[in-house]
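Only heavy atoms go into these numbers, but all of them, side chains included; no hydrogens, no water, no symmetry mates. Please read all numbers here as calculations on a predicted model, not as lab measurements.
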Amino acid sequence: MASEKLFNEVPVFPNDVPTIPMSTISLASLHLGDIDTSQRLLAACQELGFFLLDLREDKLGEMLMEIIDQLFDVGKEVMNLSDVIKQQYLHDIPRSFLGSFKPRGQAKIETGAPDRFEWFNIGQDGLMGNTPLQPLPPVVCSKISLFTSFLKHGQDIVATISSTLASQLSLPPDTFTSLQPPTKPSGTVIRIIKAFAFTEPADEPRTSMIHHTDFGTITLLANIVGGLQILAPGGSASDEDLWRWVRPQPGCLIVNLGDAMVQWTGGILRSNVHRIRYAPGEQRYVDRYSLALLVRPERDASMRSKIGDELEDTEDNNLSAWEWEVKKAMSLSRKDAVMQSRGGEPLTV
Ligand SMILES: O=C(O)CCC(=O)C(=O)O
Ligand SMILES: [Fe+2]
């Protein structure tokens with residue numbers, strides 16, 4: 001996450017809203033192979049599917065924090081480009097995943113009202129040279145090495161988390177890392193999100209990005225302004241009393257697991273439902289920027305579970321990551337999939 005400096009530039013996160021308690025995992029301790037930290041990591045990934053990763057006092061972590069601070073500045077510039085420029089780089093799903101911008105209001109929130117955010121996605125494949133670089137606005141081209149550094153450092157951290165989890169689950173340490181190498185084509189993206197400040201008196205505090213689980217393996221998220229909410233495990237998304245705020249912490253990334261980790265672990269690891277709400281308290285009056293690395297399996301990775309039902313011939317067990325993602329996206333667009341948290345089943349191996 002961003003350093004303390006960027007937190008001092010925005011209104012403080014209020015103390016009178018219900019927040020979710022989250023484990024803080026030290027990256028330095030993970031790098032040292034500390035047993036207690038590794039066990040706490042597994043517990044957090046089973047129980048909530050979210051944790052804070054403390055980057056401080058770790059060489060890689062400190063470098064990443066520096067890059068994130070710089071990317072927040074670039075991110076503001078990118079998200080405040082004129083609509084005329086953004087129109088030239090619109091994402092064009094399903095015809096192509098190569099575009100960059102999603103305009104405000106294109107998706108809906110739970111009430112059917114338009115969303116309140118824009119995003120900009122830049123694919124790992126172009127940055128790593130797996131495919132040609134997607135068309136990008138000049139301000140992004142001039143900072144391409146910063147995006148690539150964020151990607152590479154972020155992927156190193158994802159590899160550390162993945163191998164620690166595999167070892168804790170008594171699997172070979174490379175079980176998950178071998179299925180998501182950055183050098184192979186995948187849907188992995190860096191994402192900048194702008195959720196708009198509350199401006200119109202007629203507007204009401206509401207959802208900016210609808211509740212969802214992430215498709216992929218692991219998401220690294222840098223937040224400064226609040227607004228991210230997590231559904232209490234086991235709860236129903238329509239029960240407003242069960243939503244808890246995440247309090248962003250200087251020096252810490254918010255990390256969450258996606259559905260692919262649930263599938264590979266036969267439901268032991270958890271991917272939890274989350275959403276972006278208006279930022280709480282005085283924070284609602286500022287535009288909220290966030291930065292994420294959303295890691296997906298390589299396109300051809302097998303989605304066969306590594307634990308439990310690996311021998312079963314279930315449909316998902318026989319799919320490649322690409323086929324599995326298309327199936328999920330189609331079921332979401334048909335609205336026959338209920339958006340719910342997955343995983344968190346007891347470990348019996
Ligand atoms: O910006 C955030 O805090 C969350 C974004 C998110 O959940 C996503 O892009 O999947
Ligand atoms: Fe998400």
Distance-minimising heavy-atom pair for [X] and [Y]:
X    : Y    : value
L48  : P233 : CD1-CG, 3.7 Å
W245 : P280 : CZ3-CD, 3.5 Å
E323 : N318 : OE1-O, 4.3 Å
N317 : S302 : O-OG, 4.3 Å
L171 : T175 : CB-OG1, 3.4 Å
A292 : L221 : CB-CD1, 3.8 Å

Strictly distance-based, threshold 3.5 Å: is any side-chain N or O of [X] a donor or acceptor partner for the main-chain N or O of [Y]?
X    : Y    : value
Q283 : G226 : yes
T207 : M209 : no
E47  : A44  : no
D54  : I25  : no
D115 : G105 : yes
E282 : F13  : no
D174 : T177 : no
N272 : L257 : no
R116 : I276 : no
Q134 : G123 : yes

Would you please say whether a donor-acceptor pair under 3.5 Å links the side chains of [X] and [Y]?
X    : Y    : result
T217 : Q180 : yes
S23  : R40  : no
H211 : H274 : no
N80  : Y289 : yes

Side-chain heavy atoms of [X] within contact of [Y], under 4.5 Å:
X    : Y    : result
D73  : E77  : no
S290 : K194 : no
F117 : R104 : no
L81  : V139 : yes
K143 : T148 : no
K184 : N130 : no
L41  : F51  : yes
L42  : T164 : no

Any link between [X] and [Y] through a network of hydrophobic side chains (Ile, Leu, Val, Met, Phe, Trp, Tyr) touching at under 4.5 Å?
X    : Y    : value
L165 : L294 : no
L242 : V246 : no
I192 : I85  : yes
V12  : V286 : no
M303 : L169 : yes

Roughly how far, to the nearest 0.5 Å, is the [atom2] atom of [Y] from the [atom1] atom of [X]?
X    : Y    : atom1 : atom2 : answer
L231 : S236 : CG    : OG    : 7.0 Å
Q124 : I122 : CD    : CD1   : 11.0 Å
I218 : D214 : CD1   : CG    : 11.5 Å
I161 : L30  : CD1   : CG    : 7.0 Å
E4   : I224 : CD    : CD1   : 11.5 Å
F120 : S100 : CZ    : OG    : 4.5 Å

Is E57 atom CD crowded by more than 12 heavy atoms from other residues, nucleotides or ligands, each under 6.0 Å away?
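No.
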Tell me whether the guanidinium CZ or amine NZ of [X] lies under 6.0 angstrom from the six-membered ring centre of [Y] and within 45° of its axis.
X    : Y    : result
R288 : F196 : no
R296 : F215 : no
R284 : F198 : yes

Verify side chain to side chain contact (heavy atoms under 4.5 Å, CB included) between L64 and L253, making sure each step is shown before the conclusion.
CA-CA 10 Å; L64 185 60; L253 286 173; 4.0 Å; yes
Carboxylate-amine/guanidinium contact [X] [Y], below 4.0 Å:
X    : Y    : result
D156 : K152 : no
R299 : E325 : no
D259 : K328 : yes
D287 : K76  : no
D316 : K327 : yes
E118 : K86  : yes
E240 : R275 : yes

Criterion side chain to side chain donor-acceptor pair (under 3.5 Å) on R270 and N256, from CA distance to verdict:
CA-CA 9 Å; R270 187 172 175 82; N256 66 291; over 6 Å; no
Test side chain to side chain contact (heavy atoms under 4.5 Å, CB included) on L55 and E62; report intermediate values, then the result.
CA-CA 6 Å; L55 301 179; E62 300 275 356; over 6 Å; no
Quick one, T19 with R244, criterion side chain to side chain contact (heavy atoms under 4.5 Å, CB included). Give me CA distance, side-chain angles, the key distance, then yes/no.
CA-CA 5 Å; T19 52; R244 302 279 180 276; 6.0 Å; no
Taking the inter-plane angle between the rings of W264 and F176 on a 0 to 90° scale, is it parallel (under 30°), tilted (30 to 60°) or perpendicular (over 60°)?
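Judged by the thresholds at 30° and 60°, the geometry between W264 and F176 is parallel.
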For W243 and V273, run side chain to side chain contact (heavy atoms under 4.5 Å, CB included): C-alpha distance rounded to whole Å, both residues' side-chain angles, the deciding distance at 0.1 Å, then the answer.
CA-CA 10 Å; W243 285 98; V273 169; 3.6 Å; yes
Using the side chain to side chain donor-acceptor pair (under 3.5 Å) rule, take Q263 and S305 through it: C-alpha gap first, then chi angles, then the decisive distance, then the call.
CA-CA 6 Å; Q263 168 65 19; S305 167; over 6 Å; no
